[in-house]
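Scroll down for the structure; my scribbles are underneath it.
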Amino acid sequence: MGGLRRSHNCQALGPDDMGKEVTLMGWVLRRRDHGGVIFIDLRDRWGLTQVVFNPGVNPAVHAKAHDLRSEWVIAVRGRVEDRPAGMVNAKLATGAIEVLVDELRILNVSKTPPFPLDEEVEVAEGLRLKYRYLDLRRPEMTANLVMRHRACQAMRGYLNGQDFLEIETPMLTRSTPEGARDYLVPSRVNPGRFYALPQSPQLFKQILMVAGMDRYYQIVRCFRDEDLRADRQPEFTQIDLELSFVEEEDLYTVAEGMMKELFRATLGMELTPPFPRMTYSEAMRRFGNDKPDLRFAMELVSLTDLVAHCGFKVFQTVVASGGLVKSINAKGCADFSRKDLDDLTTFVAQFGAKGLAWVKVKEGGEWQSPIAKFFTDEERGNMAAVLDAAPGDLLFFVADTTTVVHQALSELRLELARRLGLLAKDKFSFLWVTDFPLLEYDHEEKRHVAVHHPFTAPREEDIALLDTEPGKALSRAYDLVLNGTEIGGGSIRIHRQDIQDKVFRTLGISPEEAADKFDFLLRALELGAPPHGGMAFGLDRLLMILAGRESIRDVIAFPKTQKATCPLTEAPAPVARKQLTELHLRPDWKE
RNA sequence: GGGGUCGUAGCUCAGUUGGUUAGAGUGCCUGCCUGUCACGCAGGAUGUCGCCGGUUCGAGUCCGGUCGGCCCCGCCA
């Protein structure tokens with residue numbers, strides 16, 4: 001660096017530094033060459049400082065500055081000056097000063113970048129990922145990584161203060177049944193055997209409780225080989241907790257305290273726990289969804305009883321066959337066009353709804369609707385009353401099985417909120433969802449499967465139900481929902497071997513299979529396992545919400561594409577035949 | 001596994017009913033310019049219209065296939 005040492009970063013200087021001799025290093029963001037004076041916006045991780053080359057100060061340095069181009073890496077030595085009157089840039093933290101350069105070192109040149117770093121234009125994400133190091137130089141992206149760092153530090157700090165131990169667990173572990181598809185790693189020294197990358201450290205953290213660690217946490221990578229979404233990556237990060245001698249309330253307190261620290265450290269915002277709570281069944285009834293977004297109302301209203309004997313065959317038939325008729329009231333949306341309604345019908349169709357009935361409420365309360373004629377005045381009046389319908393409102397109805405009605409209407413509710421701009425990014429609505437069912441019936445596998453995971457404790461009073469009506473048993477699981485996104489979930493675990501056996505049996509896992517797959521856990525539960533419970537938070541999703549982004553890829557330094565590839569490294573990639581042979585793998589694909 | 005959408009200059013995009021030599025903004029290059037901050041002015045260069053095939057006198061445009069990005073359903077204890 002030619003003997004120069006950096007004295008300040010590009011965000012540090014202000015009017016107090018007037019007259020100081022400083023050395024800055026960074027990247028050329030923009031060059032404004034006036035023929036005489038040349039201005040360079042110098043950028044680093046911290047910010048932006050304008051540096052000035054004046055032929056009257058140093059003609060040789062000024063001439064050299066003429067050659068500078070975008071993203072060249074330079075060092076400048078010069079004097080901090082107040083900007084002339086009227087030349088202060090209020091948009092810039094360092095906008096009151098500039099550095100008058102007396103010495104310029106070009107530390108590295110750069111080709112013209114493949115996409116602009118200084119503009120608002122949306123660049124194709126594939127290109128951003130291929131040149132991720134350029135993308136991450138953009139201040140918005142840098143800010144996301146800075147926020148991620150602060151978030152982790154805040155949560156670590158909080159948990160450390162609560163006497164938790166941060167303990168690492170294996171990345172090479174064994175595949176377990178249930179749950180997502182595993183990423184597998186072949187064992188070279190054990191032909192035909194495979195490790196699995198962890199979907200979560202679930203069993204290890206429970207075993208750490210048996211080991212007496214009492215309070216464990218880890219900020220840990222987890223792997224699930226399933227298809228990707230805007231909020232799902234094949235590898236993602238959890239803040240994983242487990243505590244001994246606790247009940248639900250203890251977990252809520254810890255999680256709320258941690259969220260409070262998190263929001264203070266990242267957004268400078270003071271949360272006011274406790275967070276509201278809602279049972280799973282109430283959430284499903286009122287919102288059709290186990291992670292309702294409570295930033296707005298627009299609740300689902302059941303018309304099932306009102307229309308059971310109405311003249312509209314579609315509704316009547318659905319009710320007679322045990323289905324539901326539910327409705328939502330889009331307040332003030334009676335001006336939606338025919339196309340809007342067609343679009344929304346298509347929208348709900350992807351969730352299985354065979355139709356979307358609607359009613360526009362006119363002045364005086366008359367119904368403009370293809371289905372108005374099927375109802376008596378009294379029926380219309382009753383429906384209007386329960387829906388709180390007023391002139392100008394638009395009512396939507398879905399009649400189908402419980403599952404379809406709830407999914408279609410809860411998605412419609414969110415779609416309407418998006419269209420109506422009800423999803424304020426600076427509003428944060430937390431909710432605990434509690435009392436989940438322990439099991440649900442899987443029609444494909446023709447057996448019950450765990451809603452949460454097979455180690456979740458049933459409620460004490462529901463244990464007997466496992467023998468009679470297992471679908472009715474409720475669990476001691478809880479989710480933390482923020483703005484309609486599940487950001488964390490956990491449960492009080494089973495700590496007795498006999499209960500764990502019983503749950504395995506109910507899940508159709510034979511004693512032999514349980515012994516084969518979970519022997520180590522069952523054995524641990526027989527050797528003094530304390531009552532324990534915990535939860536895990538999705539760091540990426542949490543940060544996506546905090547940063548106001550639409551995708552977790554924006555808060556991950558090196559994310560994968562929807563096809564689970566990395567455009568930067570071009571992973572996954574072929575390997576040498578020899579590597580496969582060493583792993584005892586015989587490929588059947590063409591090379 | 002399925003549905004939708006996009007792919008044209010380095011980038012962001014336009015391109016009508018199939019019609020001559022494919023455009024804009026920006027970036028890039030050159031010159032001018034001493035107070036800009038998305039500086040300004042003048043000039044210039046830049047295209048495998050993702051790829052393959054088909055229809056046609058003629059394809060960026062129509063058809064079939066394929067590859068890739070993104071969104072969604074299924075899947076994700």
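Here is how names work: the chains are called A, B, and so on, in the same order as the sequence lines, proteins then strands, and each is numbered from 1.
For a distance-only test at 3.5 Å, the side chain of A/R232 qualifies as a donor-acceptor partner of the base of B/C76.
B/G23 and B/U66: their P atoms are spaced 34 Å apart (whole Å). Rounded to a whole angstrom, the distance from the C1' atom of B/C70 to that of B/U26 is 24 Å. When the P atom is used for both B/G65 and B/U30, the distance is 49 Å, rounded to whole Å. Distance check on atom P: B/C13 versus B/U17 gives 22 Å, rounded to whole Å.
Among the nucleotides B/A38, B/C11, B/G69, the one closest to the side chain of A/V123 is B/C11. Comparing B/G35, B/C76, B/G69 by their closest approach to the side chain of A/K563 singles out B/G69. Checking B/C70, B/U36, B/U34 against the side-chain heavy atoms of A/M87 singles out B/U36 as nearest. For A/D227, whose side chain is taken as the heavy atoms from C-beta onward, the closest listed nucleotide among B/G74, B/G35, B/G27 is B/G74. You'll find that the side chain of A/A230 is closest to B/C72, out of B/C76, B/C70, B/C72. The side chain of A/R229 lies closest to B/C72 when the candidates are B/C29, B/C37, B/C72. Closest to the A/R32 side chain, of the nucleotides B/C72, B/C37, B/C76, is B/C37. With B/G69, B/U12, B/C73 as the candidates, the nucleotide lying closest to the side chain of A/Q407 is B/C73.
Contact annotation: the side chain of A/V61 approaches that of A/F53 to within less than 4.5 Å [non-hydrogen atoms, C-beta and beyond].
By the ring pair (Phe, Tyr, Trp, His ring centres under 6.0 Å) test, A/F504 pairs with A/F518, sequence neighbours left out. Not counting sequence neighbours, the partners of A/D33 by the salt bridge (charged side-chain N to carboxylate O under 4.0 Å, His left out) test are A/R31.
Between A/R31 and the phosphate of B/G40, there is no side-chain N or O to OP1/OP2 separation shorter than 4.0 Å. Using a 4.0 Å cut-off, some side-chain N or O of A/T565 falls inside it from OP1 or OP2 of B/G69.
A/F39 qualifies as a stacking partner of the B/U36 base, centre to centre under 5.5 Å and near-parallel within 30°.
Relative orientation of the A/H453 and A/F455 rings is tilted, given thresholds of 30° and 60° on the angle between their planes.
More than 12 heavy atoms of other residues, nucleotides or ligands lie within 6.0 Å of NZ in A/K64, so this atom counts as buried by the packing criterion.
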